[in-house]
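Atoms considered below: every heavy atom in the structure, side chains included; atoms not considered: hydrogens, waters and symmetry mates.
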Amino acid sequence: MGEAPAFVVDDLNGNVPNGLHLNSKGCETAISVACSKTYVIGASENESESTIGIRILYKSTNEWVIPVVLGTKPKPSKSHSAIILDEDRILVIKGNTTSDDSFWFLEVNTAFVKEQKMRLGTEVVAWSKGIIGEAEKPVVISGPSGVGKGTLISKLMEEFPSMFGFSVSHTTRAPRNNEQNGVHYHFTELSVMEKDIKDVKFLEFAAVHGNLYGTSIEAVEVVADKGKRCILDIDVQGARSVRDSSLEAIFIFISPPSFEELEKRLRARGTESQEQIEKRLQNAKAELEQGNSSGVFDHILVNDDLETCYEELKKVLGLNDAVRSTQKSVIDLVHVPLEHTVSKINQKILINCGIVDREQLTINKFLLDFASVKGGAPGRTRGLNIYSLNGMIGAQNLS
Ligand SMILES: Nc1ncnc2c1ncn2[C@@H]1O[C@H](COP(=O)(O)OP(=O)(O)OP(=O)(O)O)[C@@H](O)[C@H]1O
Ligand SMILES: Nc1nc2c(ncn2[C@@H]2O[C@H](COP(=O)(O)O)[C@@H](O)[C@H]2O)c(=O)[nH]1
């Protein structure tokens with residue numbers, strides 16, 4: 001804390017619009033927030049850094065602070081521009097990138113960042129990658145062990161392979177015979193998982209039936225980055241945590257037709273010891289009570305006849321034959337050149353790219369609309385739209 005950097009912020013605030021200021025250390029930008037702090041974004045003193053560096057200057061004391069940086073960090077780029085969106089977030093646009101890696105939000109005062117500042121007692125910033133287009137909300141499926149969540153999810157993924165992707169959870173429980181690491185779960189040591197939880201790598205976690213389970217932020221993001229709708233199979237405690245997080249999702253609780261039938265299914269599956277079955281059935285009582293009354297869930301489906309329940313599940317997810325025939329997941333990319341300038345107009349950012357390069361799909365100027373973005377650190381920021389001056393070239397029209 002307080003160590004003077006090798007560059008002077010006033011130099012960056014000079015005549016260089018939104019960064020694109022290249023010196024021997026690379027590109028640096030300086031953004032003033034709430035008149036009291038300047039965030040310097042860019043080249044780091046440490047050349048081996050694998051992300052864009054961040055420093056904060058307290059203007060009143062001239063003190064420098066290196067913040068704790070959370071979220072998925074952007075890889076360094078040869079150039080970037082930066083512009084403040086509100087008092088909470090700075091938009092950083094990486095040059096010489098395609099739009100799946102161009103737009104990054106540096107959160108400096110959002111609810112998540114404030115919470116982490118309180119928790120850690122230090123300066124905190126958080127990166128959140130900007131995603132073009134309106135992604136479908138993730139689907140959280142909960143219910144007692146043995147009710148049929150996995151069976152219903154498998155049917156959905158089989159019928160709609162390009163539409164859904166499974167969030168692969170971490171767990172400290174041992175793998176069953178048919179389970180593969182990285183496919184069914186990331187099977188993990190308790191100490192490793194505890195450290196990752198401390199490092200804010202998890203969206204949610206809970207102790208379930210005597211083991212630790214958790215959804216990493218990465219697990220949800222890898223699905224979304226493929227343009228797929230994420231499905232989470234988690235317990236009721238986890239569902240409640242996700243409800244309280246920045247991830248907007250649809251919450252579905254699967255209920256058994258009776259407790260006796262639940263016990264029958266769990267025993268017939270034959271994957272648990274007698275002791276585990278007793279524990280799971282004991283926990284099921286509380287889960288059924290919470291699931292039916294907590295207000296966490298948007299839909300409660302009874303899994304009596306499997307096919308009937310599956311049809312109901314498809315209905316609440318808005319799936320029908322017409323949807324099936326129009327599934328798509330490919331999004332073409334727009335190129336943001338090394339040199340560009342940015343300016344803010346209401347809830348839009350005008351990006352001036354200068355030269356048109358048809359081969360690289362570069363356009364002269366385009367508008368980035370952030371009026372309807374959702375989510376944010378510790379996950380992605382979704383719902384960005386891009387418009388060319390000649391018309392919309394956002395995700396919907398790029399396929
Ligand atoms: N509607 C149904 N009728 C009869 N059996 C069913 C039905 N749905 C699922 N099953 C069976 O019940 C057993 C438990 O199902 P499944 O493994 O999908 O439960 P789960 O909710 O994912 O459990 P866990 O939370 O422990 O992973 C399986 O053997 C499955 O084939
Ligand atoms: N809170 C979370 N619960 C999870 C997660 N992954 C799975 N689960 C739940 O655990 C039980 C038991 O699962 P099993 O595979 O051992 O039978 C079940 O209810 C799952 O829904 C998670 O990431 N977070």
Side-chain angles (χ1 to χ4, degrees), residues 138-157 164 166-179 184-187 202-215 219 230-245 247 249-317:
V139 184
V140 172
I141 299 193
S142 273
S145 180
V147 75
K149 302 179 297 293
T151 308
L152 289 161
I153 292 169
S154 297
K155 282 175 79 68
L156 208 52
M157 306 251 311
F164 292 101
F166 186 62
S167 157
V168 180
S169 293
H170 283 63
T171 182
T172 59
R173 87 149 160 75
R176 294 174 186 141
N177 281 343
N178 62 337
E179 286 179 332
H184 299 92
Y185 280 106
H186 297 290
F187 295 99
F202 280 86
L203 180 66
E204 65 76 32
F205 59 91
V208 190
H209 316 314
N211 283 297
L212 199 55
Y213 292 75
T215 308
C230 187
I231 305 184
L232 289 80
D233 173 346
I234 59 178
D235 86 320
V236 177
Q237 309 167 74
R240 187 175 286 117
S241 302
V242 176
R243 188 52 115 179
D244 292 341
S245 79
L247 189 80
I250 293 185
F251 294 79
I252 300 171
F253 186 77
I254 310 291
S255 211
S258 67
F259 198 78
E260 292 66 38
E261 174 63 18
L262 181 70
E263 179 167 359
K264 207 169 106 191
R265 286 182 197 170
L266 202 47
R267 290 192 189 283
R269 188 170 71 181
T271 48
E272 264 68 38
S273 65
Q274 178 61 26
E275 190 193 351
Q276 262 297 322
I277 290 174
E278 295 302 332
K279 191 179 263 179
R280 284 174 184 240
L281 287 172
Q282 195 56 38
N283 292 340
K285 288 181 188 151
E287 286 187 274
L288 284 169
E289 205 168 293
Q290 290 167 28
N292 287 307
S293 64
S294 62
V296 167
F297 295 96
D298 303 305
H299 306 277
I300 297 173
L301 307 181
V302 177
N303 182 18
D304 189 352
D305 173 64
L306 182 62
E307 287 311 317
T308 310
C309 185
Y310 181 56
E311 287 307 314
E312 277 178 42
L313 177 62
K314 286 199 288 182
K315 208 188 287 171
V316 300
L317 294 177

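- Of the possible polar contacts, none joining the Thr172 side chain to the Tyr213 backbone as a donor-acceptor pair under 3.5 Å is found.
- Aromatic ring orientation, Phe251 versus Phe297: perpendicular (interplanar angle above 60°, classes split at 30° and 60°).
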| query | Going through the checks in order, is the salt bridge (Lys or Arg N to Asp or Glu O under 4.0 Å) test met by Arg243 and Glu204? | reply | CA-CA 10 Å; Arg243 188 52 115 179; Glu204 65 76 32; over 6 Å; no

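- With respect to Glu261 and Arg265, a salt bridge is recorded, a charged nitrogen being found less than 4.0 Å from a carboxylate O.
- Below 30°, between 30° and 60°, or above 60°: for His170 and His186 the angle between ring planes is between 30° and 60°, a tilted geometry.
- A search for ring-ring contact (aromatic ring centres under 6.0 Å, His included) contacts involving Phe187 returns Tyr185, not counting sequence neighbours.
- Taking a 6.0 Å sphere around CD of Gln274, one finds it holds more than 12 heavy atoms contributed by other residues, nucleotides or ligands.
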| task | Could you check Glu311 against Lys315 for salt bridge (Lys or Arg N to Asp or Glu O under 4.0 Å), going step by step and ending with a plain yes or no? | result | CA-CA 6 Å; Glu311 287 307 314; Lys315 208 188 287 171; over 6 Å; no

| task | May I have the step-by-step check of salt bridge (Lys or Arg N to Asp or Glu O under 4.0 Å) for Glu278 and Lys285, ending in yes or no? | result | CA-CA 11 Å; Glu278 295 302 332; Lys285 288 181 188 151; over 6 Å; no

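- Contact record, Pro256 with Leu288: CD-CD2, 3.3 Å, taken as the closest heavy-atom pair.
- Side-chain contact of Thr271 with Arg269: a donor-acceptor pair under 3.5 Å is present, judged by distance alone.
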Considering only distance and modelled atom types, tabulate donor-acceptor pairs under 3.5 Å from the side chains of residues 141-151, sequence neighbours left out.
unit_1, atom_1, unit_2, atom_2, d
Ser142, OG, Ile234, O, 2.6
Ser142, OG, Asp235, O, 3.3
Ser145, OG, Arg280, NH1, 2.9
Lys149, NZ, Gly143, O, 2.9
Lys149, NZ, Pro144, O, 3.1

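- Counting non-hydrogen atoms of neighbouring residues, nucleotides and ligands closer than 6.0 angstrom, the CD atom of Glu289 reaches no more than 12 such neighbours.
- Other residues, nucleotides and ligands contribute more than 12 heavy atoms inside 6.0 Å of the CZ atom of Phe253.
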